[in-house]
Amino acid sequence: MNDRPAGAAGIGRAGVGNRPVRTGADLTASTAVRYALVPVPRLSLDAVARRSGLHPDLVRRFVALGLVDAERDAAGHLVFDPTAPTVLARIQRLRSGLCLNYASIGLVLDLLDRISLLEAALRRAGTRSETPPWT
């Protein structure tokens with residue numbers, strides 16, 4: 001016995017509106033829209049501030065400066081990716097360790113991300129330089 005209602009997740013429906021039912025061969029031949037099977041957990045501003053040990057106003061400032069990515073939920077509150085506390089810790093390490101201002105931290109983060117992408121591309125290509133990666 002199936003506990004799902006008829007039409008759940010597109011299985012067992014005769015068609016939606018004027019759209020015909022697509023078979024497996026049709027689905028593989030075309031580009032289909034993909035939906036997450038499990039909703040991505042999001043963190044609130046308070047949760048991110050608590051986990052990173054920073055004041056929520058400072059986290060808001062980092063969002064305004066573009067150092068941390070955030071989105072707004074339906075109520076207009078900031079929601080963050082689960083990796084946001086890690087990014088904030090990295091920002092704090094750069095700030096305290098290298099005495100950088102926040103504008104230069106953005107530049108350093110961009111350069112470090114670019115270096116990581118280039119090193120990953122080198123690993124995929126199978127070519128390695130003589131020197132070990134410095135990061």
Side-chain angles (χ1 to χ4, degrees):
M1 180 168 158
N2 191 357
D3 292 337
R4 283 190 293 194
I11 300 173
R13 287 193 282 181
V16 177
N18 294 332
R19 225 174 34 198
V21 175
R22 302 178 95 185
T23 63
D26 293 337
L27 288 176
T28 57
S30 67
T31 57
V33 177
R34 295 182 182 214
Y35 297 98
L37 296 176
V38 178
V40 177
R42 305 303 255 167
L43 298 175
S44 67
L45 175 64
D46 292 331
V48 169
R50 192 172 45 253
R51 289 183 185 186
S52 62
L54 300 175
H55 195 275
D57 289 340
L58 184 58
V59 176
R60 279 190 201 98
R61 181 170 294 165
F62 288 156
V63 171
L65 291 171
L67 298 176
V68 180
D69 293 329
E71 296 175 1
R72 299 243 179 222
D73 62 1
H77 299 107
L78 288 174
V79 289
F80 296 86
D81 196 57
T83 60
T86 308
V87 174
L88 290 169
R90 190 178 194 192
I91 291 169
Q92 289 302 103
R93 282 193 311 272
L94 288 171
R95 173 94 171 143
S96 64
L98 299 177
C99 298
L100 299 174
N101 63 14
Y102 293 127
S104 59
I105 287 175
L107 178 64
V108 169
L109 288 174
D110 288 342
L111 290 173
L112 288 174
D113 290 341
R114 188 178 202 105
I115 289 169
S116 296
L117 288 173
L118 291 171
E119 286 177 345
L122 282 174
R123 273 188 240 109
R124 279 193 307 271
T127 58
R128 288 188 50 100
S129 64
E130 309 298 318
T131 59
W134 64 276
T135 56

Practice task
Would you mind listing every salt bridge (Lys or Arg N to Asp or Glu O under 4.0 Å) that reaches into residues 89-113, with sequence neighbours excluded?
Solution key: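 For residues 89-113: Arg90-Asp113.
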Problem - Rounded distance [0.5 Å steps], CZ in Arg51 versus CG in Asp46 - result: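 The CG atom of Asp46 is 12.0 Å from CZ of Arg51, to the nearest 0.5 Å.
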Handout entry: Reported CD-to-CG distance for the pair Glu119 and Leu122, which is rounded to 0.5 angstrom
Key =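 Between atom CD of Glu119 and atom CG of Leu122 there are 7.5 Å.
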Handout entry: Co-members of Leu111 in a cluster of I, L, V, M, F, W and Y side chains, linked at under 4.5 Å
Key =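 Leu111 clusters with Leu107.
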Handout entry: Hydrophobic cluster membership, Ile115 vs Leu118, 4.5 Å side-chain cutoff
Key =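 No, it is not one cluster - the side chains of Ile115 and Leu118 are not joined through contacts under 4.5 Å.
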Problem - Same cluster (ILVMFWY, side-chain, under 4.5 Å), Val87 and Val79 - result: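 Each belongs to a different hydrophobic cluster.
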Problem - Qualifying ring pair (Phe, Tyr, Trp, His ring centres under 6.0 Å) pairs, either residue in residues 99-121, two or more places apart - result: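 Qualifying pairs, neighbours excluded: Phe62-Tyr102.
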Could you list the donor-acceptor pairs under 3.5 angstrom formed between side-chain atoms of residues 53-61 and any protein atom two or more places apart in sequence or on another chain?
from	atom 1	to	atom 2	distance (Å)
His55	ND1	Asp57	N	3.1
Asp57	OD1	Arg60	NH1	2.5

Problem - Partner set under ring pair (Phe, Tyr, Trp, His ring centres under 6.0 Å) for Phe80, not counting sequence neighbours - result: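 For Phe80, no residue satisfies ring pair (Phe, Tyr, Trp, His ring centres under 6.0 Å) once neighbours in sequence are set aside.
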Exercise for the section: Could you pull out all residues at least two apart from Ser44 that satisfy side chain to side chain donor-acceptor pair (under 3.5 Å)? Expected result: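 Here no residue qualifies.
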Practice task
Quick one: list whatever passes side chain to side chain donor-acceptor pair (under 3.5 Å) with Thr83, sequence neighbours left out.
Solution key: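 So Thr83 forms a side chain to side chain donor-acceptor pair (under 3.5 Å) with Asp81.
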Practice task
Could you pull out the closest heavy-atom pair between Leu43 and Pro82, with the gap in Å?
Solution key: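 Heavy atoms only, the tightest pair is CD1-CA, 3.8 Å.
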Practice task
Mind checking side chain to side chain contact (heavy atoms under 4.5 Å, CB included) for Leu98 and listing every partner two or more places apart, or none if nothing turns up?
Solution key: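 By the side chain to side chain contact (heavy atoms under 4.5 Å, CB included) rule, Leu98 matches Leu94, Leu100.
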Handout entry: Under the side chain to side chain contact (heavy atoms under 4.5 Å, CB included) test, residues paired with Ala120 that sit two or more places apart
Key =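 Side chain to side chain contact (heavy atoms under 4.5 Å, CB included) list for Ala120, sorted by chain: Arg123, Arg124.
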Side-chain donor-acceptor contacts of residues 67-78 below 3.5 Å, not counting sequence neighbours, with atom names and distances?
from	atom 1	to	atom 2	distance (Å)
Glu71	OE1	Arg42	NH2	3.0
Glu71	OE2	Arg42	NH2	3.3
Arg72	NH1	Gly76	O	2.9
Asp73	OD1	Ala75	N	3.2
Asp73	OD1	Gly76	N	3.0
Asp73	OD1	His77	N	2.7

